[in-house]
Amino acid sequence: CGLASAAPTPAPTSTLDAVLERGVLRVGFDAGYQPFEMTNKQGQYIGFDVDLAKMVAKEMGVKVEFVNTAWDGIIPALLTNKFDVIMGGMTVTPQRNLRVNFADPYIVVGQTIVLRKDKAGEIKSFQDLNDPKYKIAVKLGTTGEQAVKRLIPKATLLQFETQDDAKLEVINGKVDAFVYDLPYNAIFASQNQGAVVHLDKPFTFEPLAWAIRKGDQDTLNWFNNYLRQIKGDGSYDRLYKKWFES
Ligand code: ARG
């Protein structure tokens with residue numbers, strides 16, 4: 001009837017509404033980034049982000065589905081709706097923020113250096129690596145890659161698709177150093193004490209946050225209020241202790 005055409009057009013559906021309707025929260029990440037997202041021996045995803053994602057889904061009353069995605073393509077994958085949110089330890093950078101929205105940071109980290117053990121005497125900081133004779137491994141598309149390009153520009157940069165490949169190069173002595181987020185490097189170094197040393201003072205400032213498509217205030221509002229709640233009620237601290245202090 002004539003009245004229907006006068007009805008207001010419905011507001012655009014938010015990701016949050018789409019998730020509730022679907023009954024599934026689809027979370028994008030790139031597994032292997034310890035202790036945030038790893039695969040255990042049974043092939044299940046575990047880690048800090050995995051637990052957080054499960055808590056979020058539970059609170060929303062939906063199931064969670066993890067979509068493992070190569071890091072250097074993870075923003076395009078979000079923008080083409082392969083999943084609803086990136087929960088993968090993504091550093092908030094001004095450049096990324098031109099393309100996505102970030103919820104409030106859930107943790108702050110920084111880049112550190114894992115060195116070949118035999119270089120420990122001559123290299124004490126990132127500045128000491130700023131020479132073409134030093135080879136530095138990074139993971140493609142990470143802030144580690146950006147930090148080396150920006151702050152250690154003279155070093156020889158080697159990019160790897162996975163952090164495991166980059167890590168092996170240092171262990172095998174093919175490169176001098178690996179630059180990556182502190183929590184990853186702390187575990188890496190402690191598990192390979194015979195081969196590497198950790199220069200564990202972060203030389204960048206990196207808040208990590210969940211990323212969603214732009215212009216979605218409903219979803220952002222839910223995530224930010226949820227984060228404030230779990231930071232205040234002890235559940236965030238319990239999770240933090242489980243993954244970072246055990
Ligand atoms: N924080 C770094 C970045 O934003 C590394 C994150 C890597 N995350 C992952 N799930 N592999 O570039």
Side-chain angles (χ1 to χ4, degrees), residues 25-40 44-54 56 64-79 82-114 126 136-152 157-170 177-189 198 200-212 239-240 243-244:
L25 172 72
R26 301 168 309 165
V27 174
F29 62 33
D30 177 16
Y33 172 66
Q34 56 197 14
F36 293 81
E37 50 255 15
M38 306 88 83
T39 312
N40 70 10
Q44 295 150 332
Y45 293 127
I46 56 162
F48 187 59
D49 285 335
V50 173
D51 280 352
L52 280 171
K54 286 179 178 167
V56 165
V64 66
E65 185 185 300
F66 296 104
V67 184
N68 199 19
T69 306
W71 191 250
D72 62 330
I74 203 159
I75 288 181
L78 172 72
L79 299 182
K82 301 286 185 300
F83 40 78
D84 305 302
V85 57
I86 299 171
M87 292 186 173
M90 180 169 275
T91 303
V92 178
T93 70
Q95 292 70 30
R96 288 172 177 163
N97 211 171
L98 296 171
R99 306 165 70 197
V100 299
N101 279 178
F102 288 104
D104 294 338
Y106 64 105
I107 191 169
V108 175
V109 305
Q111 297 302 304
T112 63
I113 296 161
V114 174
F126 76 89
I136 307 181
V138 298
K139 179 171 155 74
L140 205 61
T142 62
T143 46
E145 179 183 8
Q146 291 165 20
V148 174
K149 286 181 174 162
R150 195 160 41 93
L151 300 168
I152 324 178
L157 178 68
L158 292 138
Q159 294 137 311
F160 294 87
E161 184 71 49
T162 73
Q163 48 250 314
D164 280 350
D165 288 343
K167 191 168 98 173
L168 273 179
E169 296 289 297
V170 195
F178 175 55
V179 170
Y180 207 29
D181 298 21
L182 184 151
Y184 180 97
N185 279 347
I187 299 171
F188 169 19
H198 189 196
D200 62 0
K201 200 167 133 314
F203 62 95
T204 60
F205 171 77
E206 304 201 16
L208 308 185
W210 302 338
I212 60 170
L239 217 56
Y240 186 92
W243 292 107
F244 296 97

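Both ligands and their constituent atoms are indexed starting at 1 by order of listing. We use all heavy atoms of the structure for the numbers below, so side chains are in, but hydrogens, waters and symmetry mates are not.
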Give yes if a backbone or side-chain nitrogen or oxygen of [X] is under 3.5 Å from a nitrogen or oxygen of ligand 1, and no if not.
X    : value
T142 : no
G88  : yes
E37  : yes
M90  : no
R96  : yes

Side chains of Y45 and N40, donor plus acceptor under 3.5 Å: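 There is no such pair between these side chains.
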Distance-only donor-acceptor check, side chains Q111 and T143, under 3.5 Å: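 Side-chain D/A pair, Q111 to T143: present.
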Min heavy-atom dist E145 to ligand 1 below 4.0 Å: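 No, E145 has no heavy atom closer than 4.0 Å to ligand 1.
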N185 side chain vs Y180 backbone, donor-acceptor pair below 3.5 Å: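 Flag set: sc N185 to bb Y180 pair under 3.5 Å.
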Ligand 1-proximal atoms of W71, by part, heavy-atom distance under 4.0 Å: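 The part of W71 near ligand 1 is the side chain, not the backbone.
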So which heavy atom in the protein is nearest [atom], and how far is it from that ligand atom?
atom                   : answer
atom 1 (N) of ligand 1 : D181 OD2, 2.6 Å
atom 7 (C) of ligand 1 : Y180 OH, 3.3 Å
atom 3 (C) of ligand 1 : T143 OG1, 3.3 Å
atom 6 (C) of ligand 1 : G89 O, 3.4 Å

Atoms in ligand 1 with a heavy atom of Q163 nearer than 4.0 Å: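 The atoms of ligand 1 under 4.0 Å from a heavy atom of Q163 are 11 (N).
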Numbered atoms and elements of ligand 1 in range of L208, under 4.0 angstrom, heavy atoms: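 Atoms satisfying the 4.0 Å criterion: 1 (N).
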Parallel, tilted or perpendicular: ring planes of W210 versus Y106, cut at 30 and 60 degrees: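 W210 vs Y106 ring planes: tilted.
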Aromatic ring pairing F126/F203, orientation class (parallel under 30°, perpendicular over 60°, tilted between):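 Ring orientation, 0 to 90° scale: parallel.
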Salt bridge flag under 4.0 Å for residues D72 and K139: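 No, D72 and K139 are not salt-bridged.
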T142 OG1 to D181 CG distance, which is reported to the nearest 0.5 Å: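 If we round to the nearest 0.5 Å, T142:OG1 and D181:CG are 7.5 Å apart.
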Partner of P183 by side chain to side chain contact (heavy atoms under 4.5 Å, CB included), out of T112, V109, I107, L208: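 That would be V109.
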Pi-cation contact, F188 with K167 (under 6.0 Å, within 45°):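 Yes, a cation-pi geometry.
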